[in-house]
Peer 1: 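Here it is: the structure, laid out below.
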Amino acid sequence: MSKNEKDKVLIFDTTLRDGEQSPGATMSLAQKIEIATLLDEMGVDIIEAGFPIASEGDFEAVTQVGKIIKSAKVCGLARASKLDIERCWRAVENSKNPRIHTFIGTSPLHREFQVKLSKDEVLDKVFDTVSFAKSFCDDVQWSPMDATRTESEFLVEVVKIAIQAGASTINIPDTVGYTAPKESAHIIKNLFCKIPELKDVIVSTHCHNDLGMATANSLAAVEAGARQVECTINGLGERAGNTALEEIVMALKVRKDILPYETNMITNKLIQASRLVSKVSGFPVQFNKAVVGKNAFAHESGIHQDGMLKHSGTFEIMKPEDIGLTETNLVLGKHSGRAALRKKINDLGYSLGDNQLQDFFYRFKSLADKKKEIYDDDLLALLSDTSMGEKNDFLKLIDLNVKCGTQSPQTAKATIMMDSKEYTVESIGDGPVDAVFNSIKKVFPHTAKLQHFQIHAVTEGTDAQATVSVRLEESGKIVTGQSSDTDTVVASAKAYINSLNKLILRRQKKVPKAIAN
């Protein structure tokens with residue numbers, strides 16, 4: 001390996017696989033393709049596009065992503081099963097650069113309760129399944145799930161077997177976010193010390209954020225010799241999420257003095273990717289999120305503002321433009337045209353096709369009739385509306401009238417299109433939102449439970465848009481819908497319908513147990 005190769009850190013993005021496993025983050029095929037295309041443009045080295053055995057939808061997504069990606073390797077996930085592995089290969093075989101990623105649980109808990117195999121049986125299983133994967137594909141990645149809670153001696157033994165069977169990348173996952181930076185580095189160093197042949201393969205790290213240390217643990221692994229980091233946009237993922245791609249990439253860019261490693265990433269697309277994944281998943285980015293949060297470059301303290309006026313470096317270690325944030329004095333209102341709107345959208349990190357722009361322009365004009373000035377956050381709310389661009393939604397709100405106030409009962413009369421037919425219904429409820437939800441349920445009966453309902457104002461003022469998030473759960477399937485409107489009740493209705501449309505999509509997916517890694 002040359003010096004440059006030793007200094008190169010590969011970025012393995014699993015937003016479409018591990019990120020989508022986050023409860024409520026179901027993505028459509030079109031959305032996965034949109035995200036994958038952007039990841040490829042950004043310079044991501046490996047895109048884990050899904051888990052092909054999980055469902056026909058996942059198989060199709062991995063297949064289609066593989067066909068359109070130009071540069072990145074396209075990877076599918078498979079358990080230690082020949083059926084899984086063959087299905088995975090069928091999904092990635094037409095990719096320009098295919099990879100099979102297979103795994104098995106190795107910790108005492110996983111061996112006893114999940115895979116129910118002895119140490120020797122695990123070793124045999126690893127050799128057989130990695131060898132089988134290698135018979136299809138030269139590029140095979142293997143992971144010992146729950147590696148950070150696996151006995152040190154057994155981890156060494158099982159990694160040796162995987163390499164002997166043909167694995168070219170060994171991934172060491174902190175599946176439950178259990179480790180800490182010093183320990184993360186020690187695990188990698190110990191493997192290099194005990195396994196000489198490890199120097200001939202790529203060592204990867206995959207950290208979850210349950211204790212808030214995913215990025216620190218990943219960087220510690222890199223310092224110890226790992227040269228691939230598995231991560232997701234916005235840190236999306238199960239439970240507390242995964243290592244955030246934007247944090248890893250910018251840490252390596254900003255702190256080259258202590259982290260002298262390179263990536264292929266184009267960082268000025270990070271904010272665009274963050275906003276796209278937030279829109280698609282329905283998961284808002286927390287305001288104080290590192291790198292891409294709304295407040296990441298905001299300064300309110302007088303001391304900070306004074307310093308910023310004198311020199312931005314006093315309180316900023318990154319430039320906003322490094323991640324794709326740009327300042328513009330362009331003010332939009334109801335008289336603004338398509339050209340001005342397109343420029344503003346591009347400045348915000350989005351790119352819309354002609355048909356999308358036409359649809360968005362009508363939505364913008366409708367908002368401009370209600371608001372005198374349109375702020376960036378207003379446009380971002382419209383862009384993040386999960387109903388935008390979805391032409392094949394099973395349910396769609398056509399018209400809504402509500403009666404509310406101190407006089408009961410509160411009522412809602414809604415016209416809803418379901419499967420291309422319109423239905424008008426009227427219901428009462430404990431408040432206008434409850435009445436609206438009852439009306440929708442009359443048209444589309446279901447057993448889903450409302451887990452979460454949240455409203456926040458996009459901007460200041462009484463004419464501000466409200467962004468509403470709705471999370472539903474049905475038989476273990478969790479979906480999140482989001483919508484924005486100057487009318488809070490309308491936004492609530494749209495968000496509820498968005499979540500139901502996602503639930504319909506989710507019903508088509510059958511995800512096997514224990515696919516985390």
Side-chain angles (χ1 to χ4, degrees), residues 1-12 45-46 73 75 80 85 99-108 110-111 117-175 178-207 217-230 252 259-263 517:
M1 206 181 267
S2 69
K3 182 179 184 300
N4 287 340
E5 288 175 323
K6 289 181 179 179
D7 293 340
K8 176 66 69 67
V9 173
L10 303 175
I11 301 299
F12 179 113
D45 299 285
I46 305 101
K73 294 183 178 182
C75 178
I85 290 167
R99 173 179 290 190
I100 294 174
H101 179 192
T102 184
F103 71 97
I104 192 171
T106 56
S107 69
H110 281 239
R111 293 197 307 268
L117 297 173
S118 67
K119 286 183 178 180
D120 287 341
E121 288 172 327
V122 168
L123 293 171
D124 289 342
K125 191 84 166 175
V126 169
F127 188 85
D128 288 346
T129 53
V130 173
S131 300
F132 186 69
K134 193 73 173 181
S135 71
F136 292 109
C137 183
D138 286 336
D139 191 349
V140 175
Q141 174 170 318
W142 177 79
S143 296
M145 186 162 64
D146 204 18
T148 58
R149 294 193 297 173
T150 298
E151 307 97 318
S152 177
E153 299 81 2
F154 184 62
L155 186 61
V156 168
E157 196 173 359
V158 75
V159 167
K160 280 184 178 179
I161 289 292
I163 295 173
Q164 291 170 13
S168 50
T169 298
I170 299 293
N171 177 51
I172 305 300
D174 183 26
T175 305
Y178 178 73
T179 196
K182 186 177 180 179
E183 184 180 57
S184 176
H186 174 74
I187 290 170
I188 301 297
K189 288 178 181 177
N190 185 60
L191 290 173
F192 273 108
C193 180
K194 300 287 180 63
I195 311 173
E197 54 268 41
L198 198 64
K199 69 180 187 304
D200 298 321
V201 303
I202 296 293
V203 176
S204 177
T205 180
H206 176 118
C207 298
N217 289 334
S218 296
L219 292 173
V222 168
E223 289 188 278
R227 288 297 177 266
Q228 176 178 291
V229 177
E230 302 201 0
L252 293 176
L259 297 167
Y261 311 105
E262 301 291 335
T263 72
N517 110 13

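Because only heavy atoms are used, hydrogens play no part in the values below, and waters and symmetry mates are left out as well, while side chains stay in. Along the sequence shown, residues carry numbers from 1.
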Peer 1: Only counting residues at least two apart or in another chain, list the ones meeting salt bridge (Lys or Arg N to Asp or Glu O under 4.0 Å) with K73.
Peer 2: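 Result, salt bridge (Lys or Arg N to Asp or Glu O under 4.0 Å) vs K73: D139.
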
Peer 1: For A185 and A224, which heavy atoms make the closest approach, and how far apart are they?
Peer 2: O-CB, 3.4 Å

Peer 1: Quick one: do the D174 and S184 side chains pair a donor with an acceptor below 3.5 Å?
Peer 2: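 Result is no, nothing qualifies.
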
Peer 1: Is there a side chain to side chain contact (heavy atoms under 4.5 Å, CB included) between Y261 and L219? Walk through the geometry before answering.
Peer 2: CA-CA 11 Å; Y261 311 105; L219 292 173; over 6 Å; no

Peer 1: Any side-chain heavy atom of T129 sitting closer than 4.5 Å to one from I104?
Peer 2: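 When only atoms from C-beta onward are counted, I104 and T129 do not touch, as no gap falls below 4.5 Å.
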
Peer 1: Could you list the residues that satisfy salt bridge (Lys or Arg N to Asp or Glu O under 4.0 Å) with E151, not counting sequence neighbours?
Peer 2: R111, K119

Peer 1: Output yes when a side-chain donor or acceptor of N217 lies under 3.5 Å from a complementary backbone atom of T179, and no otherwise.
Peer 2: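 Confirmed, N217 side chain pairs with T179 backbone.
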
Peer 1: I want to check something: taking the side chain as every heavy atom from C-beta on, are I172 and T205 in contact at a cut-off of under 4.5 Å?
Peer 2: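 No, every pair of side-chain atoms sits at 4.5 Å or beyond.
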
Peer 1: Just so I know, are the side chains of P144 and L155 near enough to count as touching, which here means a heavy-atom distance under 4.5 Å?
Peer 2: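 Yes. Closest side-chain heavy atoms under 4.5 Å.
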
Peer 1: How close do A162 and V130 get, counting heavy atoms only, and between which atoms?
Peer 2: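 Between these two residues, the closest heavy atoms are O-CG1, 3.7 Å.
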
Peer 1: Can you name the closest pair of heavy atoms from K125 and A80 and give their distance?
Peer 2: CE-O, 2.9 Å

Peer 1: Are the side chains of R227 and V222 in touch, meaning some heavy atoms are under 4.5 Å apart?
Peer 2: yes

Peer 1: What is the minimum heavy-atom distance between R99 and C137, and which atoms define it?
Peer 2: CA-SG, 4.1 Å

Peer 1: List for me each residue that meets side chain to side chain donor-acceptor pair (under 3.5 Å) alongside T263, sequence neighbours excluded, and say none if there are none.
Peer 2: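 Partners of T263 under the side chain to side chain donor-acceptor pair (under 3.5 Å) test: none.
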
Peer 1: Under a 4.5 Å cut-off applied to non-hydrogen side-chain atoms, are F132 and I100 in contact?
Peer 2: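 No. Closest side-chain heavy atoms not under 4.5 Å.
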
Peer 1: How far apart are the closest heavy atoms of N190 and S152, and which atoms are they?
Peer 2: ND2-OG, 3.0 Å

Peer 1: Which is it for V122 and F154 under the side chain to side chain contact (heavy atoms under 4.5 Å, CB included) test, yes or no, and what are the steps along the way?
Peer 2: CA-CA 10 Å; V122 168; F154 184 62; 3.9 Å; yes

Peer 1: I need the M145 CE to S107 OG distance, nearest 0.5 Å.
Peer 2: 8.0 Å

Peer 1: NE2 of H110 to CZ of F103: how many Å apart, nearest 0.5 Å?
Peer 2: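 Separation between the atoms: 10.0 Å.
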
Peer 1: As an exercise, state the distance from CG of D124 to OG of S118, rounded to the nearest 0.5 Å.
Peer 2: 8.0 Å

Peer 1: Hey, what do you get for CD1 (I195) to CG (D200), rounding to the nearest 0.5 Å?
Peer 2: 12.0 Å

Peer 1: Which pairs with one or both residues in residues 187-197 pass salt bridge (Lys or Arg N to Asp or Glu O under 4.0 Å), sequence neighbours excluded?
Peer 2: none

Peer 1: S218: which residues meet the side chain to side chain donor-acceptor pair (under 3.5 Å) condition with it, sequence neighbours left out?
Peer 2: T243

Peer 1: Please confirm whether the backbone N or O of V140 pairs with a side-chain atom of S168, one donor and one acceptor, at under 3.5 Å?
Peer 2: yes

Peer 1: Give, for atom CG of L198 and atom CZ of F192, the distance between the pair rounded to the nearest 0.5 Å.
Peer 2: 4.5 Å

Peer 1: Side-chain contact, heavy-atom cut-off 4.5 Å: L191 with V203?
Peer 2: no

Peer 1: So, using salt bridge (Lys or Arg N to Asp or Glu O under 4.0 Å) as the criterion, who are the partners of D45 when residues are at least two apart?
Peer 2: none

Peer 1: Nearest 0.5 angstrom please: N171 CG to Q141 CD, how far?
Peer 2: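 Here the rounded value is 5.0 Å.
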
Peer 1: Are there over 12 heavy-atom neighbours, none belonging to Y178, within less than 6.0 Å of that residue's OH?
Peer 2: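 Not more than 12 within 6.0 Å, no.
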
Peer 1: Do T150 and T106 have a side chain donor and acceptor closer than 3.5 Å?
Peer 2: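 Yes, because at least one side-chain N or O of T150 sits under 3.5 Å from a partner of the opposite role on T106.
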
Peer 1: If we only count heavy atoms from C-beta on, is the L10 to I46 side-chain gap below 4.5 Å?
Peer 2: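 They are in contact (side-chain heavy atoms under 4.5 Å apart), so the answer is yes.
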
Peer 1: Any side-chain heavy atom of T175 sitting closer than 4.5 Å to one from T148?
Peer 2: no

